[in-house]
2 protein chains.
Amino acid sequence: MPIRGSDRTSNRRAGGSPQRRLGARKRNQESLSGDPESCSPSDPRQVFTRRYRASIRTGQEPPSQRCSKAIHQGFELEVQLYPLKSQLVLPGDSLTARFIDALSAARLSARNGDIIAVASKVVSLSEGNIVSLRKVRTTALARKLGRKFEMLPEFAQVVLNEADAVYGGVPGVLLTLKNGNAIANSGVDRKNALGDSVIPWPADSHRSAERIRRALNRKFRKRIGVVIVDSRVTPLRLGTTGLAIACSGFKPVRDSRGIKDLYGRKVQITLHSLADGIAGAAQLLMGETQETIPFVLVRGAPVQLGGSYSSNSMTLPVKDCLYMSQMPSPSIMERDHG
Amino acid sequence: MPIRGSDRTSNRRAGGSPQRRLGARKRNQESLSGDPESCSPSDPRQVFTRRYRASIRTGQEPPSQRCSKAIHQGFELEVQLYPLKSQLVLPGDSLTARFIDALSAARLSARNGDIIAVASKVVSLSEGNIVSLRKVRTTALARKLGRKFEMLPEFAQVVLNEADAVYGGVPGVLLTLKNGNAIANSGVDRKNALGDSVIPWPADSHRSAERIRRALNRKFRKRIGVVIVDSRVTPLRLGTTGLAIACSGFKPVRDSRGIKDLYGRKVQITLHSLADGIAGAAQLLMGETQETIPFVLVRGAPVQLGGSYSSNSMTLPVKDCLYMSQMPSPSIMERDHG
């Protein structure tokens, strides 16, 4: 019986007449929907797959890695990342419509458990959250920061307006606090914005993620998760990776407290940022420059669907952060310039 | 003609008699190997796919995103992540043998362009790089740090021995500089080590990555990349993500200097850490606790294969780092305790 994960190498690309293919697809749908008649109940791979898929449908924890012999046979479920090209997203465009077009152009359809990674830039663009630098009036503070860090004073002003606090900077970039994140230039981006415009993060990323997820769930009648992704730098690393600035429809952090390690000892660092892992994987495929890949479909990610998690369930207080707790307090707080 | 990316949804799971499947596979191999007879030279998707694959084989830059009409049709190549279970890796075990077993148990084979993500812990284990806390003699400095940061003095001593510098800490964790990285506890791990042992990073991660890559290339006769992955925390984020502590066989950072954005302006932040993106994707599937998934096969990642890149081609000097440049100088340098 062809089922995901079994006999991968020989079945994957096999063709067949249209009738054959439809027949095979129908059989697959039966087995994937967990029909107990359609697969042998004793095959540990199928048992595991069925429980795993059931856990996605019901929003329960996935089956224990120990529940099945399958894991001892080297079997695990794979993850697929589909980068989806889109037409340029313009202010006022429906992001849902753009996503549906991109998905259909890639000849894919949505499934239960899919996570849709969306570039923060296109969320802001579609919401019209764009700032024209020509219309920005600068304060003395912005002009001072501009001189000190070799930035356009108008750009420094937008960064200040968006920031909750400013820690300092290096040439061209301020280290700011924004929605609980320690991020370059408050997340304001000069790339891929028209003319003299810059693009801040969405005004309320969490609400945007919720809105996109609801629209997609309605459209596809599937349980889908959404993560809004921006590029960020991390300490001492050259180059950017992905950051989940908001997510909806899945639990962003896996908590292993109380779980013991392979030798039965209590595990100390117990939290695993699934949302950032998904964002990192998606950002690998989203372009930084000329490419227009605002969406990545992530299929098979090991997440727990459902529930409502606020974006600050992904962040730490400054005093508990290994990095930020070592810095002097921010030099500029919102009250100084707000 | 069945080819990757075309008619995905209907072909993917199609079965067929063994003869049919073999025939289909043979046809696919022909088209995948770029035989100009086997696919229409005018189909932009196939042209793009052929150029992309050729660029992987030859180690050249992938074809420009603009070279083909394919991108305007929503087509991009997908990435697959295959988590590979393994038996417990014990000191002295051959990591190559464990990987080959895990790959074969998952019924997969290696292909040109595959990147193998390996957990740093199993690299250290196989190299016997384990420290028994019972045999550690503590200095006054380690005992002081242990008291201040609520750590076992023996563990603090191992962290000190591994560190190039110590910036400070939060309860249970020191912020250290190690091989150019700002990392918790010098990367020393108490999880999944036997008895009272702890596991530092491999003694020379870059050399380990090189060695693993050469062994796998010899075994499979394919051009494969290797990345060694550890979990790390990042500023103000709850939970760990993946960090590439070393890589071999591909260019870890994509440099877009000189490239212009969609509106023709020069792009400012131009570096994209592909190695960390791959590590983040892989760590999503590697377990933190009971799971034993030390390998993830990453297929289709948009990297440039070949060349020799040292691990410090992935890091920044402290003075150029947005985060670390804001901190006071490290309180303890190697000379103080080395």
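Sequence lines set the chain letters: A, B, ... in the order given, protein chains first and strands last, and positions in each chain run from 1. Because only heavy atoms are used, hydrogens play no part in the values below, and waters and symmetry mates are left out as well, while side chains stay in.
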Can you tell which part of A:Ala279 gets under 4.5 Å to a heavy atom of chain B, answering side chain, backbone, both or neither?
neither

Under 4.5 Å heavy-atom distance to chain B, tell me which part of A:Asp320 shows up: side chain, backbone, both or neither.
backbone

Region of A:Leu177 that comes under 4.5 Å of a non-hydrogen atom in chain B:
side chain

With side-chain contact (heavy atoms from CB on, under 4.5 Å) as the test, would you mind laying out the steps for A:Met314 and B:Leu238 before giving the verdict?
CA-CA 5 Å; A:Met314 298 193 283; B:Leu238 191 64; 5.5 Å; no

Which pair of heavy atoms, one from B:Pro328 and one from A:Pro328, lies closest together, and at what distance?
CD-CD, 4.3 Å

What pairs with B:Tyr323 under ring pair (Phe, Tyr, Trp, His ring centres under 6.0 Å), at least two apart in sequence or on another chain?
none

Checking B:Leu297 against chain A: side chain, backbone, both or neither under 4.5 Å from a heavy atom?
neither

Given that the side chain runs from C-beta out, which part of B:Val318 has a heavy atom under 4.5 Å from chain A: side chain, backbone, both or neither?
both

Part of A:Pro317 within contact of chain B (heavy atom distance under 4.5 Å)
backbone

Side chain B:Arg237, main chain A:Ala244, donor-acceptor under 3.5 Å:
yes

Where A:Ala184 and B:Leu322 come nearest, the two heavy atoms and their spacing
CB-CD2, 3.5 Å

Counting only non-hydrogen atoms closer than 4.5 Å, does A:Val253 touch chain B with its backbone (N, CA, C, O), its side chain (CB onward), both, or neither?
side chain

Heavy-atom donor-acceptor pair, A:Glu78 side chain to B:Pro83 backbone, under 3.5 Å:
no

Can you say whether A:Leu103 sits under 4.5 Å from chain B via the side chain, the backbone, both, or neither, judging by heavy atoms?
neither

Would you mind checking which part of B:Ser325 comes under 4.5 Å of any heavy atom in chain A, side chain (CB onward), backbone (N, CA, C, O), both or neither?
side chain

In chain order, what residues pass the side-chain contact (heavy atoms from CB on, under 4.5 Å) check against B:Ala281, with sequence neighbours excluded?
A:Ala281, B:Leu81

Non-hydrogen side-chain atoms of B:Pro302 and A:Leu284 separated by less than 4.5 Å
yes

Please classify the contact of A:Thr241 with chain B as side chain, backbone, both or neither, using a heavy-atom distance under 4.5 Å.
side chain

Picking from B:Ala275, B:Pro171, B:Ala182, B:Ser104, which has the most non-hydrogen pairs under 4.5 angstrom with chain A?
B:Ala182

